[in-house]
Amino acid sequence: MGRNMALPLVMALVALVASLPSASPATAGTAGAFDNWLSANQKDFAITQALYAKKAVGDTGNSIDESLAKAEDNKTTFVVDPKGGGDYKTITAALEAVPEGNTRRVILDLKPGEYREKIFINISKPYITFKSDPKNPAIIAWNDIAATLGKDGKPVGTVGSTTVAVESDYFMAYGVVFKNDAPTAKPGAKGGQAVALRTFGTKAAFYNCTIDGGQDTLYDHKGLHYFKDCLIRGSVDFIFGFGRSFYENCRIVSIVKEIAVLTAQQRTKTIEGAIESGFSFKNCTIMSEGGGDIYLGRAWGDSSRVIYAYTEMSKEVVPVGWDGWEVKQPESSGIYYGEFKCSGPGSDARKRVGWAVDLTEAQAKPFMGTHYVFGDSWILPPPTENSPPSKKTSSGGATATSPAASPSSSPESR
């Protein structure tokens with residue numbers, strides 16, 4: 001689409017924005033103000049669409065990011081086989097071969113088996129893909145918890161407990177199992193957080209992956225993320241962080257007999273950038289293996305935002321649905337918890353806590369697609385086809401740097 005065609009579209013969308021009702025902060029006991037709060041999300045959606053249309057045209061007419069397009073045009077593959085049949089026996093060795101400042105798509109073709117490794121991909125190594133066979137997957141496993149003592153003799157904390165940490169941009173995974181197999185923490189136990197996957201880089205996509213653990217399984221830390229056809233297992237707050245993420249066709253499974261909490265979303269006014277974050281689930285399934293009660297989420301941040309649309313909810317989902325946690329007045333803080341046309345015995349929105357929202361289609365639309373994470377500019381199909389021929393990098397690369405320091409508002413303080 002050329003610039004001359006895009007301009008009318010942009011102008012039309014801008015006009016649409018102007019026609020939407022103006023929004024004001026929600027105040028306790030004022031239904032009209034809260035309705036305005038809801039309309040603010042619709043206004044934001046319209047603005048985003050206008051900017052999106054303009055960005056998609058660019059100088060070349062391509063819709064995906066220019067840097068991503070160049071990386072995809074220059075792919076290479078490393079075969080990783082723990083049995084010794086590939087270029088590398090460990091994922092760590094393969095990542096060390098990726099040069100700092102990497103500019104090409106590097107596919108790590110992970111052969112079946114367990115990789116007993118603790119992985120960190122730093123910010124200087126974008127465009128990494130982990131590819132495996134979902135029917136016979138590579139399993140990346142470790143068993144640290146927040147209370148595990150590090151080399152300095154101090155607890156590693158929630159961030160340090162992670163099995164696989166991705167701080168680089170444009171990461172992709174297909175058919176991989178990310179696992180923290182530490183024993184599941186007892187209710188109320190301290191230091192039991194055990195992260196299987198932490199994603200801090202932006203524009204990351206996960207297809208047909210399993211993310212398996214107990215407390216704090218998936219640290220959806222920061223950035224734009226897309227999860228499709230994934231299985232996520234855990235106990236308490238097992239999808240948490242302040243990422244802006246879209247979960248599509250995923251199975252979300254509680255493993256405990258006690259109370260489970262699916263999300264602890266940290267959208268808040270107190271962390272830069274977090275106010276624009278939130279988790280959106282569409283066409284997902286929520287169920288319990290352990291039989292315990294399930295809460296859809298609790299408010300880690302004062303403006304926590306989670307949406308479920310067309311999601312099947314098992315009977316273990318409690319009628320009230322949501323927990324305000326430490327937020328004293330959820331109805332006026334900016335918390336946004338909504339459901340749209342969900343199904344199953346745990347889905348009755350009429351029984352929800354008073355400040356949760358049974359969304360209209362117009363209210364739900366901004367969240368019900370990859371547009372929520374600006375996906376047209378970066379989401380690509382999974383690498384299920386044959387990969388380019390394997391060839392090791394000639395430069396040898398450099399060793400990954402140490403993990404970044406824990407954020408000042410880390411979950412171990414919860």
Side-chain angles (χ1 to χ4, degrees), residues 37-38 40-52 55-56 64-65 68 123 126 165-173 197-207 209 211 216 218-228 230 232 237-250 252 262-284 296-309 311 334-338 340 357 359 363-380 407 409 411:
W37 194 149
L38 296 175
N41 288 275
Q42 296 167 248
K43 173 176 281 192
D44 178 72
F45 175 56
I47 293 171
T48 296
Q49 290 293 89
L51 294 175
Y52 216 178
K55 176 181 175 59
I64 67 169
D65 293 0
L68 177 58
I123 195 172
V166 181
E167 294 205 346
S168 62
D169 297 340
Y170 299 105
F171 180 81
M172 187 184 295
L197 172 67
R198 179 172 72 91
T199 178
F200 187 82
T202 195
K203 300 180 180 179
F206 299 83
Y207 299 92
C209 290
I211 307 162
D216 291 4
L218 171 57
Y219 196 170
D220 192 342
H221 196 161
K222 183 180 181 181
L224 304 172
H225 307 139
Y226 179 51
F227 297 84
K228 183 175 174 62
C230 292
I232 306 167
D237 301 345
F238 61 96
I239 303 174
F240 74 107
F242 58 92
R244 184 181 181 110
S245 302
F246 183 55
Y247 295 79
E248 188 172 22
N249 300 334
C250 292
I252 305 161
L262 301 190
T263 64
Q265 208 282 324
Q266 203 185 3
R267 184 173 184 262
T268 176
K269 306 177 185 72
T270 60
I271 300 177
E272 183 179 0
I275 196 66
E276 297 305 322
S277 70
F279 302 156
S280 176
F281 298 84
K282 182 184 178 185
N283 293 334
C284 294
L296 298 174
R298 59 175 180 166
W300 187 12
D302 53 36
S303 302
S304 183
R305 179 165 64 178
V306 182
I307 305 297
Y308 293 95
T311 290
I335 285 175
Y336 192 131
Y337 287 155
F340 178 71
V357 184
L359 298 170
Q363 291 164 349
K365 187 176 181 180
F367 306 98
M368 291 197 304
T370 55
H371 57 260
Y372 176 63
V373 291
F374 317 112
D376 288 355
S377 66
W378 62 271
I379 293 178
L380 297 173
S409 179

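- Contact annotation: the side chain of F227 never approaches that of I239 to less than 4.5 Å [non-hydrogen atoms, C-beta and beyond].
- Taken from NZ in K282 to NZ in K228, the straight-line distance is 9.5 Å, to the nearest 0.5 Å.
- Smallest separation of non-hydrogen atoms from S245 and G223: OG-O, 4.4 Å.
- With rounding to the nearest 0.5 angstrom, the CD1 atom of I275 is 6.5 Å from the CG atom of D302.
- Crowding of K222 atom NZ: a count of heavy atoms from other residues, nucleotides or ligands under 6.0 Å not exceeding 12.
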Dump the intermediate steps for side-chain contact (heavy atoms from CB on, under 4.5 Å) on T311 and I252, then the final yes or no.
CA-CA 10 Å; T311 290; I252 305 161; over 6 Å; no
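- Looking at heavy atoms from C-beta onward, V306 lies out of side-chain contact with L262 at the 4.5 angstrom threshold.
- Counting heavy atoms from C-beta outward, D65 and K203 have side chains that approach closer than 4.5 Å.
- Inter-residue side-chain proximity for Y336 and Q265 is flagged as unmet; no heavy-atom pair is nearer than 4.5 Å.
- In terms of the side chain to side chain donor-acceptor pair (under 3.5 Å) criterion, S168 has no residue partners (sequence neighbours excluded).
- Counting heavy atoms from C-beta on, the side chains of R244 and F374 come closer than 4.5 Å.
- Using modelled atom types, one side-chain atom of H371 and one backbone atom of P366 make a donor-acceptor pair closer than 3.5 Å.
- S304 pairs by the side chain to side chain donor-acceptor pair (under 3.5 Å) definition with Y337, not counting sequence neighbours.
- Looking only at side-chain heavy atoms (C-beta outward), I232 and Y247 come within less than 4.5 Å of each other.
- In terms of the salt bridge (charged side-chain N to carboxylate O under 4.0 Å, His left out) criterion, D169 has no residue partners (sequence neighbours excluded).
- A side chain to side chain contact (heavy atoms under 4.5 Å, CB included) with D220 is found for exactly one of F279, F240, F200, F242, namely F279.
- When the ring pair (Phe, Tyr, Trp, His ring centres under 6.0 Å) test is applied to F238, no partner is found at least two apart in sequence or on another chain.
- Scanning for side chain to side chain contact (heavy atoms under 4.5 Å, CB included) contacts around I379 gives Y207, Y226, T370, V373, with sequence neighbours left out.
- Closest heavy-atom contact between L68 and S377: CD2-O, 4.3 Å.
- In this structure, the separation between CD on E276 and CG on L224 is 11.0 Å, given to the nearest 0.5 Å.
- Across C230 and F206, no two heavy atoms sit closer than the pair SG-O, 3.5 Å.
- The structure places OG of S277 at 7.0 Å from CZ of R305, a figure rounded to the nearest 0.5 Å.
- Within the model, atoms CZ of F340 and NZ of K365 stand 11.0 Å from one another, a figure rounded to the nearest 0.5 Å.
- For the side chain to side chain contact (heavy atoms under 4.5 Å, CB included) test, residues two or more places apart in sequence or in another chain that qualify with A165 are F120, T162, R198.
- We find the CG-CG distance between L197 and D216 to be 12.5 Å, quoted to the nearest 0.5 Å.
- Looking only at side-chain heavy atoms (C-beta outward), R298 and T263 stay at 4.5 Å or farther from each other.
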